[in-house]
Structures are given as C-alpha cells and as structure tokens.
Amino acid sequence: MSPPSGKKTERTPSDADGYRRIWDAVAAIPYGCVLNYGAVARLAGLPGRARMVGQALGRAPKKMQLPWHRVVNAQGRISFPAGSSKGKTQRRLLEAEGVVFEDGRIDMVRFSPERAIDRMLWGPGEEKEP
DNA sequence: GGGCTGACCTACT
DNA sequence: CAGTAGGCCAGCC
C-alpha cells in the first residue's frame with residue numbers, strides 16, 4: 001500500500017508538529033521543576049530524540065514564553081557554557097523559582113515533577129523522609 | 001546530492 | 001569520577 005502523500009510515517013511527526021509537541025511538553029513543566037532533554041523528548045512522544053529538543057527550544061519564538069530554563073541536561077547542569085549570558089539567565093530564572101544549585105549542579109531527583117508535591121507539602125531545603 | 005554541526009542520551013570501560 | 005563509543009534527527013553549507 002502506498003502511504004498517502006502529505007502524511008508521513010510515525011517516525012517523522014512532520015516538520016513543525018514535531019517541534020510543537022516538544023514546545024507543549026516544555027510548557028507543561030510545573031513551576032520550580034526541572035527536566036532533562038531526554039525526559040522532555042519522551043514526554044513529547046519522541047523517545048531518543050533529545051537533540052531535537054535543544055533545536056526546538058533554540059528555534060522557539062520568544063512570544064511563546066516557553067519555560068526553556070526548566071530544561072537542563074542529564075547531568076543536572078546547564079548546557080550553556082559557564083559565564084555565558086544564556087547560562088547566567090537560566091540559572092537566575094531557576095533560582096528565582098526555588099531551584100537550588102549544588103556545586104553548579106541540580107539534583108534532578110529532588111526537583112523532578114514527582115517530588116514537586118513533596119516540596120509543596122514539606123517545603124524545599126529540607127529533605128525529610130516520612 | 002553529501003557532509004558537518006548541534007541548548008543531547010545511554011551504556012560500557 | 002572521567003573518557004570513549006554509538007545512536008538519533010533537523011538545518012545549513
């Protein structure tokens with residue numbers, strides 16, 4: 001069977017639609033939470049395409065007001081070179097949301113959306129075990 | 001048409 | 001902990 005023209009395979013979500021999913025996933029990140037590129041790609045329905053997330057964010061229009069600062073790499077570090085404008089801006093925005101940097105790194109587990117409820121109940125800073 | 005780059009990830013050594 | 005290797009896909013020259 002011939003695939004209908006205009007419609008592509010599942011691997012190619014189609015041009016802007018692919019970025020659209022990524023933008024939507026990033027916009028769905030709760031306040032004060034951080035996710036890595038792989039997680040965003042997975043939430044967007046594009047497993048393994050972490051790189052495309054970066055490009056999508058870079059090509060995202062500013063009018064979108066996308067919380068791009070809530071996306072960091074798997075090491076819990078800002079993907080921008082230390083000292084760069086973007087890097088400082090991202091760190092400032094994250095700290096403004098309550099994200100704590102430990103030795104220039106973020107605890108991806110502590111600030112994951114799953115733990116967001118814990119921080120909302122128990123508050124940040126103190127990590128307690130019930 | 002081909003080849004390199006990139007806001008990366010995972011796994012193994 | 002650091003370094004290497006493989007993967008994955010869109011844009012640009």
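Each chain gets a letter, A, B and so on, in the order its sequence line appears, and its residues count up from 1.
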Review item, nucleotides 2-7 of chain C N/O atoms under 3.5 Å of protein N/O:
none

Check your understanding: Rounding to a whole Å, what distance do you find between A:Ile22:CD1 and C:dG11:C1'?
Key -> 14 Å
Practice item. Report the residues that fulfil side-chain contact (heavy atoms from CB on, under 4.5 Å) with A:Gln90, sequence neighbours left out, ordered by chain and then residue number. Key: A:Trp68, A:His69, A:Val72, A:Ile78, A:Phe80, A:Leu94
Study note, to complete from the structure: Bounded by its outermost nucleotides with an atom under 4.0 Å from a heavy atom of chain A, the footprint on DNA chain B reads B:dG6 to B:dT10
**Study point:** Residues in contact with DNA chain B, drawn from residues 29-43 of chain A - heavy-atom cutoff 4.0 Å
**Key:** A:Asn36, A:Tyr37, A:Gly38
Check your understanding: Okay, side chain of A:Asp24, backbone of A:Ala27: is any donor-acceptor separation there less than 3.5 Å?
Key -> no
Check your understanding: What pairs with A:Ala28 under side-chain contact (heavy atoms from CB on, under 4.5 Å), at least two apart in sequence or on another chain?
Key -> none
**Study point:** Under 3.5 Å donor-acceptor, A:Arg119 side chain and A:Gly32 backbone
**Key:** yes
Review point. What's the shortest heavy-atom distance between A:Pro67 and A:Val26, and which atoms?
Key: CG-O, 3.4 Å
Study note, to complete from the structure: Within residues 53-85 of chain A, the residues having a heavy atom closer than 4.0 Å to DNA chain C are A:Gln55, A:Arg59
Exercise for review: Identify, with sequence neighbours excluded, every residue that meets salt bridge (charged side-chain N to carboxylate O under 4.0 Å, His left out) alongside A:Arg105.
Suggested key: A:Asp103
Point to revise | Within residues 68-81 of chain A or reaching into it, pairs that qualify as salt bridge (Lys or Arg N to Asp or Glu O under 4.0 Å) - sequence neighbours excluded | key: A:Arg70-A:Glu97
Revision key, fill the gap. Hits for side-chain contact (heavy atoms from CB on, under 4.5 Å) against A:Ala39, two or more places apart or cross-chain, chain-then-number order -> A:Leu35, A:Asn36
Practice item. Take atom C1' in C:dG11 and the same atom in B:dG1, then report the distance between them in whole Å. Key: 15 Å
Check your understanding: Expressed in whole Å, how much space separates the C1' atoms belonging to B:dA7 and C:dA5?
Key -> 22 Å
Exercise for review: Report yes if a side-chain nitrogen or oxygen of A:Tyr19 is closer than 4.0 Å to either non-bridging phosphate oxygen (OP1 or OP2) of C:dG11; otherwise report no.
Suggested key: yes
Point to revise | A:Ala60 to A:Trp23 - nearest heavy-atom pair and separation | key: CB-NE1, 3.3 Å
Revision key, fill the gap. So salt bridge (Lys or Arg N to Asp or Glu O under 4.0 Å) across residues 82-96 of chain A, not counting sequence neighbours, yields A:Arg91-A:Glu95
Check your understanding: Quick one: does A:Val71's side chain get under 4.5 Å of A:Val34's, heavy atoms only?
Key -> no
Exercise for review: Check side-chain hydrogen bond (donor to acceptor under 3.5 Å, both in side chains) between A:Gln75 and all other residues, then give those that pass, not counting sequence neighbours.
Suggested key: none
Exercise for review: Would you please name every residue forming a side-chain hydrogen bond (donor to acceptor under 3.5 Å, both in side chains) with A:Arg51, sequence neighbours left out?
Suggested key: none
